[in-house]
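Within every chain, numbering begins at 1; the chains are lettered A, B, ... in the order of the sequence lines, protein sequences first and strands thereafter.
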Number of protein chains: 2
Amino acid sequence: MSQTLTHPDIESPKRQAILQAAGALFMAQGYGAVSMDAIARAGGVSKATLYAHFQSKDALFANIVGTGCRQSIQTSDFLPDAVTDVEAALTGLGQRMLRFLLAERTLAIHRIVIAESVRFPELGRAFYDNGPGMFRRVFAAWLVRQQQAGRLAVPDPDLAADQFVGMLRGAGVFTRATLGLAPGPTEAEINATVEGAVRTFLRAFAVRA
Amino acid sequence: MSQTLTHPDIESPKRQAILQAAGALFMAQGYGAVSMDAIARAGGVSKATLYAHFQSKDALFANIVGTGCRQSIQTSDFLPDAVTDVEAALTGLGQRMLRFLLAERTLAIHRIVIAESVRFPELGRAFYDNGPGMFRRVFAAWLVRQQQAGRLAVPDPDLAADQFVGMLRGAGVFTRATLGLAPGPTEAEINATVEGAVRTFLRAFAVRA
DNA sequence: GTCTATAGAAGGATAGAC
DNA sequence: GTCTATCCTTCTATAGAC
């Protein structure tokens, strides 16, 4: 109703500065630990300007995290394009997937969604639908195509997709990264995790010679 | 130094009331959303009494979560006792493990540790060492014994343990429960997840006939 | 739209009586 | 140890000038 009155230019440099500053702060410290004062200071604007662009702290937070969830998953990036070799395709998929999951930005969004989904229930839903849920749909469909091509035998594609992602996240390198434990994951650990997941997956689902 | 001065009776009913009230509130709402006022009110004590037993909000929080982490994992509960049948043992282990992971109390501790481990780094370490890390050690050792008995072929027991737990948590039922998404997991989903994890695990690591 | 200044509420922690 | 009452800080949000 008052949308035409406030009508903040979506390209406004101040607005962009606010979003960037708020995003960095929220990701690093969570919802409760960040004050509007701190956001205004980091963004180089006054608090009044901040409230001219966003109705409340909640609204600003929802904007940040919603955008983060939507931008985070580019499913096409993960889908193996050339499908001549299933093992190579799965390995490439696993590498991109695990490295994406371990990126500091992804970890931050993951942490914050888990933390705040109790207070903002729509947050958990948006994250799942745009993240894990969407990936599972696309990956399961890919598994079905491989099965039709005679390269895999996957009785339950949804379950198999969950298992593959589950083995990547495992209880090892990803769990420690989520908890912020030092030292961070090494290249060797990442490669071993991916190779192990592919090996186990293929032993279970490859078509026997 | 002032330990003998304050010397709060560890069995004090007021102290117990505080711990119980604070635990419920922290688990349900997280660190930032809970005030000392609310804890005092819920515990039926005054704020001064609260501060007589705990030096600060941080200290009270650390006590709650530390205790929760330590009590949460009774590794012996998860270890298959009779080992005549590996598949049955793994299925029993998986059932107990997944149901434990899905318990509301476990989910609450898991959420809160992830949320606050950025601000309280020692929290993530304590949780991992007493939870996933300890379980992995014990489970990997069990896998080695099964291998020595000729029932399994597990080249990397740590990786295999991570994979089994990873498939249980998967990207499905546990992920949705962590995000608080309705509806909750059904019996059928839980059973399918466990059976699927055991089947995939055995296809990868069972000794071929 | 943007600022300075401030209102109004809530939280963490303490003083002092008992 | 426990209470009541309160201090000080910090927070969200707004009023009013430009």
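- At the phosphate of dT2(C), neither OP1 nor OP2 sits under 4.0 Å from any side-chain N or O atom of Ser46(A).
- Remark: Glu122(A) engages no residue in a salt bridge (Lys or Arg N to Asp or Glu O under 4.0 Å) (not counting sequence neighbours).
- dT2(C) atom C1' lies 17 Å from atom CD of Gln16(A), rounded to whole Å.
- Among residues two or more places apart in sequence or in another chain, the side-chain contact (heavy atoms from CB on, under 4.5 Å) test is passed with Val34(A) by Leu25(A), Phe26(A), Gln29(A), Ile39(A).
- Closest to the side chain of Val45(A), from the set dT2(C), dC3(C), dC3(D), is dC3(C).
- By the side-chain contact (heavy atoms from CB on, under 4.5 Å) test, Leu168(A) is found to be paired with Met97(A), Phe164(A), Val194(A), Ala197(A), residues two or more places apart in sequence or in another chain being considered.
- Residues forming a salt bridge (Lys or Arg N to Asp or Glu O under 4.0 Å) with Arg99(B) (at least two apart in sequence, or on another chain): Glu187(B).
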Are any protein N/O atoms closer than 3.5 Å to N/O atoms in nucleotides 12-18 of chain D? If there are, list each pair with its distance.
| residue | atom | partner | partner atom | Å |
| --- | --- | --- | --- | --- |
| dT12(D) | OP1 | Lys57(A) | NZ | 2.8 |
| dT12(D) | OP2 | Met36(A) | N | 2.6 |
| dT12(D) | O4 | Lys47(A) | NZ | 3.2 |
| dA13(D) | OP2 | Tyr51(A) | OH | 2.8 |
| dA13(D) | OP2 | Lys57(A) | N | 3.2 |
| dA13(D) | N6 | Lys47(A) | NZ | 2.6 |

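- In this view, Phe174(A) and His110(A) satisfy the ring-ring contact (aromatic ring centres under 6.0 Å, His included) rule, not counting sequence neighbours.
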